[in-house]
Number of protein chains: 2
Amino acid sequence: MLKEERQNHILDKIKLNRKVLSSDLSIELNVSEDTIRRDLNDLSSKKLIKKVHGGALPIDTKAPSYEERKFYSLKEKNSIAKKAVNLIKDGQVIIMSGSTTNLQLAKIIPSDVNATIYTYSLPIALQLTEHPSIEIIFIGGKLNKPAQVTVGLDVVSSISQLRADLCFMGTGGINVLNGMTEPNWEVSHIKKCMIEASNKVIVLCTNNKINEIKRYSVTPLNQINTIITDLDPNNQIFIPYKEKGVEIL
Amino acid sequence: MLKEERQNHILDKIKLNRKVLSSDLSIELNVSEDTIRRDLNDLSSKKLIKKVHGGALPIDTKAPSYEERKFYSLKEKNSIAKKAVNLIKDGQVIIMSGSTTNLQLAKIIPSDVNATIYTYSLPIALQLTEHPSIEIIFIGGKLNKPAQVTVGLDVVSSISQLRADLCFMGTGGINVLNGMTEPNWEVSHIKKCMIEASNKVIVLCTNNKINEIKRYSVTPLNQINTIITDLDPNNQIFIPYKEKGVEIL
DNA sequence: TAATATTTTGCCGTTTTATGCATTTTTATG
DNA sequence: CATAAAAATGCATAAAACGGCAAAATATTA
């Protein structure tokens with residue numbers, strides 16, 4: 001039996017039983033416990049299992065991510081949110097994607113603003129429930145736990161049926177050549193729909209996302225109306241963006 | 001049994017019972033109390049539990065933000081949730097309404113349970129994102145801010161298209177003659193759909209809701225399979241309910 | 001195909017870890 | 001403040017992990 005076969009067997013067994021013992025595996029697979037231990041070490045260093053004394057367990061699925069990200073570079077996000085909030089006008093229909101920058105924005109919308117906001121992010125929706133006058137429509141679907149947003153076909157088809165004045169969109173990365181890109185395929189697809197559905201596309205973009213490329217393309221620059229960053233809009237880094245007709249705030 | 005398994009078990013039990021005794025655990029897990037004590041020390045130094053003389057308690061994390069209700073009669077709600085959680089079986093499709101009792105239930109679902117949960121409540125969905133294996137489908141629509149749930153036609157039509165094994169439902173009031181009633185028209189309508197869509201209807205009901213009547217009728221008793229309350233199920237108050245064929249837990 | 005390099009595996013002595021037990025110290029409580 | 005329960009401490013033991021090494025299995029190259 002090949003090493004890889006053996007390791008696949010181990011992965012399968014962990015998935016099935018939520019636990020394996022080195023001693024069991026050694027007998028079951030007819031190899032020494034040393035070999036099993038080395039297998040478990042391999043798999044563990046690939047983050048496929050959690051190795052423990054005596055065997056292994058499935059990887060900890062706990063997601064600390066969103067909460068953590070929430071406080072990461074908060075200052076930059078806030079400065080972006082402050083610029084963004086001025087673009088919201090009474091009576092508008094707005095779509096907001098699920099970024100933490102958008103969450104900051106949701107927090108500072110003045111209480112006299114009257115608008116309708118569509119979102120598929122739980123934290124943003126929850127935040128907006130504290131606003132007295134904004135009407136919130138939550139876009140349902142299967143939940144992506146770490147990001148706390150809904151994803152999938154339901155979301156795509158809901159958004160396709162919308163017509164919005166504005167959309168505020170976080171981003172995985174943006175650059176002149178490739179436009180906006182996302183690390184997550186599902187999210188990239190959803191964002192395409194958001195852009196389709198909106199008259200004006202506003203991208204909220206902390207400085208570390210500028211001139212970054214992620215795996216999946218969302219849209220070329222020419223579909224983006226405005227980019228809001230924490231940098232000075234006159235920074236020379238934005239010259240090529242402006243040449244493509246994108247407004248920088 | 002591996003050390004980590006044991007510690008996971010302890011964490012689960014604390015989540016469920018809000019307390020554990022070293023002596024119990026020692027018997028339950030078939031190890032000496034010394035070992036349990038060492039486990040509790042481990043978990044405690046990782047800030048996952050609060051170790052106390054004789055056992056351990058959950059660490060009290062999240063700041064109580066919106067919900068005074070959430071902590072009001074928490075004890076009763078928790079005792080209901082504990083009974084309810086036993087009804088959840090692997091692989092089931094479950095609909096949960098938006099009550100605070102359901103939120104308690106969501107908190108204590110053991111981490112090895114594998115089920116699909118539909119809900120239209122933001123806090124419940126958010127809570128469930130911390131569960132490693134449950135699939136969550138959020139039912140979108142217009143948000144009702146004070147209750148933090150979606151309501152309206154979208155919700156009704158989404159639920160109508162479902163087929164669930166179970167639904168867990170909070171209630172505004174219940175009595176023998178009028179069955180289940182709700183103060184809010186939209187919610188009453190949504191609950192009707194939930195009942196339609198579910199094979200088994202389980203009503204979670206704190207004692208103050210028993211023999212109460214609200215404005216809008218949801219369903220007569222005969223559509224309800226089980227009522228879970230914080231009272232003793234043999235309490236004579238339930239005799240007429242039992243005569244109508246409702247199971248009391 | 002033979003020769004050689006590389007990887008995988010088993011073995012063995014050493015080190016570390018997990019656990020139970022006995023003894024002492026601390027804590028809760030009437 | 002007396003007493004029983006729980007916790008801490010130290011020690012013993014068995015199981016598991018580690019590191020080095022050499023044999024065996026595989027892959028690569030001439």
Original post:
A:Lys3 side chain N/O closer than 4.0 Å to the phosphate oxygens (OP1, OP2) of D:dA25?
Top reply: no

**OP:** May I have the distance from B:Arg37 (atom CZ) to D:dG10 (atom P), rounded to whole angstrom?
**Re:** 15 Å

Original post:
If you find the nucleotide of DNA chain D closest to B:Glu33 and the one closest to B:Arg38, which residue's nucleotide is nearer the 5' end?
Top reply: B:Glu33

**OP:** In plain terms, say whether B:Lys107 and B:Glu130 are close enough for a salt bridge, that is, a side-chain N and a carboxylate O under 4.0 Å apart.
**Re:** no

Subject >> Donor + acceptor pair across side chains of B:Asn114, B:Asp90 (<3.5 Å) >> reply: no

Subject >> Segment of DNA chain C, first to last nucleotide, that comes within the 4.0 Å heavy-atom reach of chain B >> reply: C:dA18 to C:dA28

Original post:
Quick one: A:Ile36 CD1 to D:dA17 P, roughly how many Å, whole number?
Top reply: 11 Å

Original post:
Is A:Asp154 salt-bridged to A:Lys142, going by a charged N under 4.0 Å from an acidic O?
Top reply: no

Original post:
Hey, does A:Asn41 reach any base, or is it just sugar-phosphate, or nothing, if we go heavy atoms under 4.0 Å?
Top reply: sugar-phosphate

**OP:** State plainly whether the residues B:Asp165 and B:Lys200 are in salt-bridge range, i.e. N to O under 4.0 Å.
**Re:** no

Original post:
Taking 4.0 angstrom as the limit, do A:Lys191 and A:Glu182 come out as a salt bridge?
Top reply: yes

Original post:
Is a side-chain donor-acceptor pair under 3.5 Å present for B:Asp232 with B:Asn235?
Top reply: no

**OP:** Note down the inter-axis angle between the two ends of the helix from C:dT1-D:dA30 to C:dG30-D:dC1, five pairs each, to the nearest 10°.
**Re:** 40°

Original post:
Salt bridge check: are B:Arg6 and B:Glu4 linked by an N-O gap of less than 4.0 Å?
Top reply: no

Original post:
Hey, do the aromatic rings of B:Phe138 and A:Phe138 have their centres closer than 6.0 Å?
Top reply: yes

Subject >> NZ/NE/NH1/NH2 to OD/OE distance under 4.0 Å, B:Lys3 and B:Asp42 >> reply: yes

Original post:
Hey, does B:Asp39 reach any base, or is it just sugar-phosphate, or nothing, if we go heavy atoms under 4.0 Å?
Top reply: nothing

**OP:** Rounded off to whole Å, could you give me the NE2-to-P distance for the A:His53 and D:dC18 pair?
**Re:** 9 Å

Original post:
For B:Lys51 and D:dA7, is the shortest distance between a side-chain N/O and OP1 or OP2 below 4.0 Å?
Top reply: yes

Subject >> Atom-pair distance (CG on A:Leu2; P on D:dA25), nearest Å >> reply: 14 Å

